[in-house]
Amino acid sequence: MQTAESDPTQVKQQTSRLAARDYPFYNNKPVAISARGWALVLVLVALGFAGLTSSLPFYGDISSQIVPPLLFVLLSLIGLALVAGSHWRALFFKVTLKDVGWMVLIALANLAVTLVVALLVQNFLAVKPNAAIEMLLAMDSPHRAMFFIKTIPQLMGEELITILPFLAIVQLCTRVLHWKLLPAVTLAWLLTAIMFGMLHLPTYQWNWLQCIIIIGSARLVLTLAYIKTKNLWTSFGAHVINDWALFSAVILGATQA
């Protein structure tokens, strides 16, 4: 008698199901993560963010500026690997042409939403400048190149600090509170956008409304890339396109002024 393991058709079907894109972990696939496991993941994510935002003496050198963003990413992935093993890869799928299309579309949508929201908010709220942009304008070409390079791991870290809590909330709502997937995803989408905005409070001089409304709305759009594709590469790509377009526009505007 032929077993499932030896039946090529069943093996192919099982492989296809594993390859299908879905939110990982909330339904114990590809592996179950306990509440303690998620707590460990989130602690390491927080430690990575703390290292990124800390002012330590060795952070001043150009080459060493890449270390904190790398640690930001590595600590987050190490935390997930500790509780999920090799299944940390469930966050990432092979990038397809469709994924690239979503990267560009979400980035363009985010630029438009950010511009509209910022213009509306300026009518009733004093908007604080982004210190990073001011620093960028004061840099010479080598420092600007390093700035763009270090944003690559930093933006991946920003995706991880959003999507990992997002997945934890989805699991909490579906497995503990017994919610349907759609309301669980909706709540996770909103809460992580607010959290992401609040992480930017020091950058914008503790302007709560600016961070929650402008940065939070931008995060809502960026997270849609992950919600649509279930692929962290897609939201990361959209984030890079968005931020690099903004930084490039600022530099171009300054050189032509």
Trainee: Using the benzene-type ring in the case of Trp, are the ring centres of Phe196 and His200 under 6.0 Å apart?
Mentor: yes
Trainee: Ignoring hydrogens, what is the shortest heavy-atom contact between Thr229 and Arg21? Give both atom names and the distance.
Mentor: O-CD, 2.9 Å
Trainee: Evaluate the criterion side chain to side chain contact (heavy atoms under 4.5 Å, CB included) for residue pair Tyr204 and Ile215; output intermediate values, then yes/no.
Mentor: CA-CA 10 Å; Tyr204 294 98; Ile215 306 301; 3.8 Å; yes
Trainee: Looking at every heavy atom in both Pro68 and Gly51, which two are closest together, and how far apart are they?
Mentor: CB-O, 3.9 Å
Trainee: Could you tell me whether the side chain of Thr223 and the main chain of Leu220 form a donor-acceptor pair under 3.5 Å?
Mentor: no
Trainee: Anything under 30° is parallel, anything over 60° is perpendicular, the rest tilted; go ahead and classify Phe147 against Phe247.
Mentor: perpendicular
Trainee: When hydrophobic residues are tied together by side-chain contacts of less than 4.5 Å, even through go-betweens, does Leu77 share a cluster with Leu47?
Mentor: yes
Trainee: Do the non-hydrogen side-chain atoms of Val31 and Phe25 ever get within less than 4.5 Å of each other?
Mentor: yes
Trainee: Step through it carefully: locate the ring centre of Trp244, locate the ring centre of Phe148, and say whether they are under 6.0 Å apart.
Mentor: yes
Trainee: Any donor and acceptor pair, going by atom type alone, linking the side chain of Arg144 with main-chain N or O of Leu137 inside 3.5 Å?
Mentor: yes
Trainee: Determine whether Trp88 and Ile78 make a side-chain contact, defined as any pair of heavy atoms from C-beta on separated by less than 4.5 Å.
Mentor: no
Trainee: Pair Val185, Tyr23 - check side chain to side chain contact (heavy atoms under 4.5 Å, CB included), show working.
Mentor: CA-CA 10 Å; Val185 168; Tyr23 301 110; 3.7 Å; yes
Trainee: Donor-acceptor pair, distance only, cut-off 3.5 Å: does the side chain of Thr151 make one with the backbone of Gln154?
Mentor: no
Trainee: Just by modelled atom types, is the Phe93 backbone N or O under 3.5 Å from a matching donor or acceptor in the Asn231 side chain?
Mentor: yes
Trainee: Just wondering, do Met103 and Val95 contact through their side chains at under 4.5 Å, heavy atoms?
Mentor: yes
Trainee: If you compare all heavy atoms of Trp38 against all heavy atoms of Leu164, which two are closest, and at what distance to 0.1 Å?
Mentor: CZ3-O, 3.6 Å
Trainee: What verdict does the side chain to side chain contact (heavy atoms under 4.5 Å, CB included) test give for Gln210 and Val121, after you've listed the backbone C-alpha separation in whole Å, the side-chain angles of each residue and the deciding distance to 0.1 Å?
Mentor: CA-CA 8 Å; Gln210 179 178 349; Val121 167; 5.7 Å; no
Trainee: Have His239 and Asn242 got a donor and an acceptor in their side chains that come within less than 3.5 Å?
Mentor: no
Trainee: State whether the side chain of Ser76 and the backbone N or O of Phe72 hold a donor-acceptor pair below 3.5 Å, judged by distance alone.
Mentor: yes
Trainee: Is the closest side-chain heavy-atom distance between Leu42 and Pro165 below 4.5 Å?
Mentor: yes
